[in-house]
Participant: 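A single structure is presented below for examination.
Positions are given from 1 along the sequence.
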Amino acid sequence: MHDILFIVGDVAVTVAMAATGFAALTLLLLAVIVVVVARGAGPRRASEVDYRLEQLMRAQHEANGRIAAMGQALAGRQAEMARAVGERLDSVTHRVGQSMAQSARHTMESLHALHERLGIIDHANRSLSDLTEQVTTLRDVLGNKQARGAFGQARMEAIVQDGLPKGGYAFQYTLSTGKRPDCVVFLPDQRPLCIDAKFPLEAITALHQARNEQERRAAAQRLRGDVLRHVADIAGKYLIPGETQDTALMFVPSESVYAEIHDGFDDVVQKAYRARVVLVSPSLLMLAIQVMQQILKDAQMRDAADQIRTEVLALNDDLGRLRERVAKLQTHFGQVNDDVRQILITADKIERRAGRIEELDFSDAPPIAASEPRASTAELFPLQRPLPAAE
């Protein structure tokens, strides 16, 4: 009865209020009719008025019942609507909750993946920063001539130390002329092979930075002059007849610089070869060091040939003595084998004799009288035969 039917302005009209208003309106109407009829009609029509009042009261009761039924129907409809709305709201709330949970999970996964990517980017950034610092440091090192020379010498020393044994090389070795090459390798004839590191980086850089053909020709001429000057210095200082080898090595500590010289300046390479100076890169120096190492090993083997021959002869004598001792051991094994064979033969004979003794039966033999002569052993054991003396 307290369900809201409609709202007028800010006032909510319920079923009870509507029923009360309708009843009051009906009573007021009945009162007005009674007054009008009482004034306008006589006593003759009192019964008719009473009848009409009764009909009006009946109609009022019917109207009240209909209003109550309508209120109940409206209440049921409202309850059903509220239940449906509640179910819809619960479904929507559940879906919204699931969607929010799924969105939150996807957001967390995306944030986690983003955090990992940021970590990778940060690591790559640090690596790039470290590489930038190293490149900057290397550029600073290579920009200084003294530092560049130290870099080339350090790389050459590392290659030589990794490939040759101690005593087979020397750094800053002083020749009879007072000159000191970066490295010498002592070959079997005790004449050192001189190796000197040169790094014509400035001319190569100018060649790469040339913007036109004129600058390129000037840079190429500068590179050609620098390399030939280094070749002349090495040939004049470190090729001493009778003291050093007839060839010296010019070590270029950069594969790219060596490739640039070898591919674009073949005339320079040929002039260096005629001057008995061979240009080598780090990989070629490694190969040359391996060849020198094998040469040193062959020389050591030739020097130790007499000692090896003596050791081989001693080994042959030891082998002869070993053969004699094995022959003696074989003789002992043969004698032991024959003794074992004889022992097995005797054991077989003993086993056969025991079998013959076991086959004798004394259960049905008649008792021997005291007056009868005792049989001899040969008569009792007719199968027995005397053993040989060897057995």
Participant: How about CD on Q172, more than 12 heavy atoms from neighbouring residues, nucleotides or ligands closer than 6.0 Å, or not?
Facilitator: yes
Participant: Using 0.5 Å steps for rounding, measure from the CE atom of M108 to the CG atom of L114.
Facilitator: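 M108 CE to L114 CG: 12.0 Å, rounded to 0.5 Å.
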Participant: Where the side chain of T107 meets the backbone of S103, is there a donor-acceptor pair that is under 3.5 Å apart?
Facilitator: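 Answer holds: yes.
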Participant: Of all the heavy-atom pairs spanning L193 and A248, show the shortest one and how long it is.
Facilitator: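 Shortest heavy-atom separation between L193 and A248 comes out as CD1-CA, 4.3 Å.
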Participant: Tell me the closest heavy-atom pair linking A275 and A235, and the distance in Å.
Facilitator: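 Minimum heavy-atom contact is O-CB, 3.9 Å.
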Participant: Please check if the number of heavy atoms outside E109 that lie under 6.0 Å from its CD is greater than 12.
Facilitator: yes
Participant: Measure the spacing between CG of D196 and CG of D182 and express it to the nearest 0.5 Å.
Facilitator: 4.0 Å
Participant: Quick one: do D226 and R224 satisfy salt bridge (Lys or Arg N to Asp or Glu O under 4.0 Å)? Show the steps, please.
Facilitator: CA-CA 6 Å; D226 290 345; R224 186 177 288 104; over 6 Å; no
Participant: Membership question, hydrophobic clusters at under 4.5 Å side-chain separation (ILVMFWY): are L322 and L313 in the same one?
Facilitator: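 No; L322 is not reachable from L313 via cluster members.
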Participant: If you look at every heavy atom in Y173 and P192, which pair is closest and at what distance?
Facilitator: CE2-CG, 4.5 Å
Participant: Donor-acceptor pair, distance only, cut-off 3.5 Å: does the side chain of S99 make one with the backbone of R95?
Facilitator: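 Not confirmed, S99 side chain does not pair with R95 backbone.
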Participant: I234 and side-chain contact (heavy atoms from CB on, under 4.5 Å): which partner among L239, I195, V277?
Facilitator: V277
Participant: Of L249, I289, L287, which meets side-chain contact (heavy atoms from CB on, under 4.5 Å) against V280?
Facilitator: L249
Participant: State, to 0.1 Å, how close S176 and I240 come at their nearest heavy-atom pair, and which atoms those are.
Facilitator: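 Where S176 meets I240 most closely, the heavy atoms are OG-CD1, 4.3 Å.
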Participant: Do V185 and L164 make a side-chain contact, defined as non-hydrogen atoms from C-beta onward lying under 4.5 Å apart?
Facilitator: yes
Participant: Check whether any side-chain heavy atom of M156 lies under 4.5 Å from a side-chain heavy atom of C183, and answer yes or no.
Facilitator: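 Side-chain contact under 4.5 Å: yes.
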Participant: Strictly distance-based, threshold 3.5 Å: is any side-chain N or O of R180 a donor or acceptor partner for the main-chain N or O of T174?
Facilitator: no
Participant: Salt bridge check: are D90 and R88 linked by an N-O gap of less than 4.0 Å?
Facilitator: no
Participant: Count I, L, V, M, F, W, Y as connected when their side-chain heavy atoms are under 4.5 Å apart, and connections chain through other members. Are V336 and L344 then in the same cluster?
Facilitator: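 Yes: a chain of side-chain contacts under 4.5 Å links V336 to L344.
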Participant: Among M100, H106, Q98, find the residue that satisfies the side-chain contact (heavy atoms from CB on, under 4.5 Å) test when tested with Q102.
Facilitator: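 One option only clears the test, and that one is H106.
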Participant: Measure the CZ-OG distance between F251 and S281 for me, rounded to the nearest 0.5 Å.
Facilitator: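 Spacing of CZ (F251) from OG (S281) equals 7.5 Å.
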Participant: Just wondering, do L279 and H262 contact through their side chains at under 4.5 Å, heavy atoms?
Facilitator: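 They are not in side-chain contact.
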Participant: Please report the C-alpha distance between L175 and Y238 in whole Å, then the side-chain angles of each, then the deciding distance to 0.1 Å, and finally whether the side chain to side chain contact (heavy atoms under 4.5 Å, CB included) criterion is met.
Facilitator: CA-CA 8 Å; L175 301 176; Y238 308 134; 4.0 Å; yes
Participant: Closest approach of I159 and P282, non-hydrogen atoms and distance?
Facilitator: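 Heavy atoms of I159 and P282 come nearest at CD1-O, 3.8 Å.
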Participant: Measure the shortest side-chain to side-chain distance between N212 and Q214 over non-hydrogen atoms and say whether it is less than 4.5 angstrom.
Facilitator: yes
Participant: When rounded to the nearest 0.5 angstrom, what is the spacing between CE in M250 and NZ in K198?
Facilitator: 7.5 Å
Participant: Establish, from distance only, whether the side-chain atoms of Q294 and Q290 form a donor-acceptor pair under 3.5 Å.
Facilitator: no
Participant: Could you tell me the separation between the OG1 atom of T244 and the NZ atom of K237, rounded to the nearest 0.5 Å?
Facilitator: 14.5 Å
Participant: How long is the straight-line distance from CD of E243 back to OG1 of T177, given to the nearest 0.5 Å?
Facilitator: 6.5 Å
Participant: Would you say M292 and Y169 make side-chain contact, with heavy atoms under 4.5 Å?
Facilitator: no
Participant: Would you say V227 and L223 make side-chain contact, with heavy atoms under 4.5 Å?
Facilitator: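 A side-chain contact under 4.5 Å exists here.
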Participant: Take a 6.0 Å sphere around CZ of R126 and say whether it holds more than 12 heavy atoms from other residues, nucleotides or ligands.
Facilitator: yes
Participant: Check the pair F171, Q161 against side chain to side chain contact (heavy atoms under 4.5 Å, CB included), reporting the backbone distance first and the verdict last.
Facilitator: CA-CA 10 Å; F171 299 118; Q161 289 175 351; 3.4 Å; yes
